[in-house]
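Presented below is the structure to which this report refers.
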Amino acid sequence: MNLITDKCFIDGNWVKPVLGQLLLLKNPSTGEKICDIARGTSGDIDLAVAAAQKALKGEWGKMPAFERGRILSKIGQLILTKIDELAELEAKDVGKPLKQAKADAIAMARYMEYYGGAADKIHGQTIPFQSGYTVYTLREPHGVTGHIVPWNYPMQIIGRSVGAALAMGNAAVLKPAEEACLTALAFADIAHEAGLPAGALNIVSGLGEEAGAALSSHVGVNHLSFTGSVGVGTLVQAAAAKNIVPVTLELGGKSPQIVFDDADIDAALPFLVNAGVQNGGQTCSAGSRILVQSGIYDKLLAKMKARYEELLVGDALEDLDIGPLISERQKDIVTGFLSQIEGDAYIAAKGKISPDAPKGGHYVEPILLAGVDTKHVLAQSEIFGPVQVVIKFETEAEAINIANGTEYGLVAGVWTKDGARQMRLAKAIRAGQVYINNYGAGGGIELPFGGVGKSGHGREKGFEALYGFSVLKTVAAFHGDN
Ligand code: NAD
């Protein structure tokens with residue numbers, strides 16, 4: 001892959017940012033420079049939106065749904081031929097261990113195949129109405145869709161949001177994160193190679209407060225998909241409100257994993273730990289609160305402790321359990337949280353940083369906390385690092401209260417063999433996804449995903465995303481009766 005990084009991808013071409021400015025991209029495993037990237041600003045966003053509008057009036061806008069689908073499927077197939085290259089880019093850029101980066105590349109391919117197959121299967125309905133009328137609905141693209149993406153899962157998030165938007169015939173403008181955007185830029189080349197017409201996808205890298213703010217407030221944008229923090233999501237929603245533009249917000253979480261006395265704890269154990277430390281805990285759906293019923297609390301804590309003590313952190317290319325955090329800033333945030341351990345709270349277990357981990361990397365040891373008060377900041381705030389809290393509970397009602405006791409509601413895991421309890425919990429928990437006797441359902445690209453409360457609103461993934469990335473038009477034709 002001959003990657004161009006210091007330009008924006010607009011109207012099918014790599015072009016210099018209008019102000020000619022660049023940003024430094026660093027490898028979080030080493031702290032060393034990887035390359036320069038374009039620092040796009042409002043001028044580049046103007047060009048990208050204009051290119052998208054032109055594409056909607058041209059070949060892309062006129063293309064039958066099944067042909068759009070074919071191109072998306074081809075993008076998926078091309079991604080599958082470049083898994084190793086994409087994974088290496090992501091490992092260097094995000095600090096994600098290679099195995100996980102490969103899984104993300106495969107997921108991006110799956111999104112393209114899934115939405116490629118779905119492109120011509122979303123349709124309207126006919127509606128029985130008064131005599132003399134024929135009434136039907138049409139599913140139409142919004143027009144230009146803006147996609148603002150974070151650094152933690154670039155390939156998966158591009159797959160689920162840009163894939164669904166293109167399937168419905170929108171033209172996309174993508175603003176990847178300034179901390180990690182190499183696979184987004186690689187995606188532009190792959191899409192171009194697969195035959196995506198010029199302007200259907202445009203990519204402007206740059207700072208959030210410059211390119212991101214320009215995209216979210218642009219009058220030419222008809223729909224916004226934002227994945228990131230609550231703080232920035234609030235700004236994006238406010239900017240969208242000024243233009244009365246629909247917005248999907250995929251924000252953070254403090255998701256519970258609830259383990260009852262009757263659970264198969266050996267089956268649960270790898271999920272319980274992995275859901276908290278995968279990607280260094282920098283995962284929106286991290287299962288960062290582990291709620292354990294008192295009868296198995298000591299036994300499970302001992303098993304988790306043993307698992308934590310095996311965890312090894314190091315260079316993403318070494319492909320250990322955990323890589324570095326994305327930046328020194330993120331490391332400061334995590335260590336800031338850890339400095340607030342107080343009262344009965346204590347460190348129950350720690351993982352290790354490999355002695356071979358490069359000195360300039362942003363490494364922290366994974367940490368398991370116990371004894372934390374459920375209202376304490378450590379049990380309430382998204383830490384976005386490899387830190388989990390274990391909380392003891394007695395009754396089902398108490399578990400539900402604790403699970404629902406944060407401002408978030410992204411996902412939840414429930415471990416129990418009791419079928420009736422599984423159903424009760426699935427209903428009682430306030431979250432966008434509930435997993436029973438698993439966590440994450442293997443990423444499940446077919447499964448609608450999104451939050452309630454401060455975890456956001458709107459759904460991506462699955463067929464549901466296709467409704468979000470389209471607009472329903474009702475046609476009521478009066479023709480009279482014979
Ligand atoms: P962030 O909000 O700082 O940045 C996300 C994106 O927004 C980046 O591309 C950034 O450049 C852009 N941005 C920053 N300021 C902006 C502004 N003023 N206007 C417009 N865009 C702006 O988030 P982050 O730290 O990169 O990501 C971590 C957060 O994302 C966590 O809270 C995590 O839970 C959340 N997240 C959620 C999901 C989900 O699906 N729910 C998935 C991944 C990450």
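Just so it is clear, the values below take in all heavy atoms, side chains as well, and ignore hydrogens, waters and symmetry mates. Remember, it's 1-based here, ligands and their atoms both numbered in the order they're listed.
The closest side-chain donor-acceptor pair between Gln282 and Asn152, if any, does not fall under 3.5 angstrom.
Judged by distance alone, the side chain of Ser205 and the main-chain N or O of Ala38 form a donor-acceptor pair under 3.5 Å. The main-chain N or O of Gly405 is found under 3.5 Å from a side-chain atom of Gln380 such that the two form a donor-acceptor pair. When atom types are taken as modelled, the side chain of Asp104 and the backbone of Met155 share no donor-acceptor pair closer than 3.5 angstrom.
Of all the atoms in ligand 1, the ones that sit under 4.0 Å from a non-hydrogen atom of Gly212 are 19 (N), 20 (C), 21 (N). In the vicinity of Phe449, heavy-atom distances shorter than 4.0 Å reach the ligand 1 atoms 40 (O). Ligand 1 places these atoms under 4.0 Å from at least one heavy atom of Ala213: 19 (N), 20 (C). Close contacts of ligand 1 with Lys175, meaning ligand atoms under 4.0 Å from a residue heavy atom, involve 9 (O), 10 (C), 11 (O). In summary, the atoms of ligand 1 found under 4.0 Å from a heavy atom of Ala177, numbered by their order in the structure, are 9 (O). For ligand 1, the atoms lying closer than 4.0 Å to a non-hydrogen atom of Gly252 are 32 (O), 34 (O). Within ligand 1, the atoms closer than 4.0 Å to a non-hydrogen atom of Ile157 are 42 (C), 43 (C), numbered from 1 in the order shown. Applying the 4.0 Å criterion to heavy atoms of Asn152 picks out, from ligand 1, the atoms 43 (C), 44 (C).
Closest heavy-atom approach to atom 40 (O) of ligand 1 among the candidates Glu460, Lys454, Arg160: Arg160. For atom 33 (C) of ligand 1, the nearest non-hydrogen atom from the set Trp151, Phe384, Tyr408, Tyr153 belongs to Phe384. In this structure, of Leu251, Thr248, Ile333, the residue bringing a heavy atom nearest to atom 37 (C) of ligand 1 is Leu251. For atom 5 (C) of ligand 1, the candidate residues are Thr227, Leu174, Val232; the nearest heavy-atom contact is made by Thr227.
Here the heavy atom of the protein found nearest to atom 27 (O) of ligand 1 is Pro150 CB, 3.6 Å. At the shortest separation from atom 35 (C) of ligand 1 among protein heavy atoms lies Gly228 O, 3.1 Å. Closest to atom 34 (O) of ligand 1 among all protein heavy atoms lies Glu382 OE2, 2.6 Å. Nearest to atom 10 (C) of ligand 1 among the protein's heavy atoms is Glu178 OE1, 3.6 Å. The closest protein non-hydrogen atom to atom 36 (N) of ligand 1 is Cys284 CB, 3.5 Å. Of all protein heavy atoms, the one lying nearest to atom 18 (N) of ligand 1 is Leu235 CD1, 3.7 Å. With hydrogens left out, the protein atom closest to atom 2 (O) of ligand 1 is Ser229 OG, 2.6 Å, a heavy atom. If you check which protein heavy atom lies closest to atom 8 (C) of ligand 1, you get Val149 O, 3.4 Å.
At most 12 heavy atoms of other shown residues, nucleotides or ligands fall within 6.0 angstrom of atom NZ in Lys102. Other residues, nucleotides and ligands place no more than 12 heavy atoms under 6.0 Å from the NZ atom of Lys92. At most 12 heavy atoms of other shown residues, nucleotides or ligands fall within 6.0 angstrom of atom NZ in Lys16.
Between Phe469 and His223, the two ring planes are tilted [angle within 30° to 60°]. Note: Phe463 and Tyr467 have perpendicular aromatic rings, judged against thresholds of 30 and 60 degrees for the angle between ring planes.
Using a non-hydrogen distance threshold of 4.0 Å, Leu215 does not register as a contact of ligand 1.
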Show your reasoning for whether side chain to side chain donor-acceptor pair (under 3.5 Å) applies to Ser327 and Glu179.
CA-CA 8 Å; Ser327 60; Glu179 297 89 345; over 6 Å; no
Please lay out, stage by stage, how Gln237 and His457 fare under the test side-chain contact (heavy atoms from CB on, under 4.5 Å).
CA-CA 11 Å; Gln237 179 155 321; His457 52 73; 2.7 Å; yes
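Cation-pi geometry between Lys96 and Tyr153 is met: the NZ or CZ atom falls under 6.0 Å from the ring centre, inside 45° of the normal.
At a distance under 4.0 Å, a protein heavy atom can be found next to atom 23 (O) of ligand 1.
Of all heavy-atom pairs spanning Gly116 and Ser73, the tightest one is CA-OG, 3.7 Å. Closest approach of Lys175 and Leu207 over heavy atoms only: NZ-C, 4.1 Å.
Contacts between Glu179 and ligand 1 below 4.0 angstrom, taking non-hydrogen atoms only, are absent altogether.
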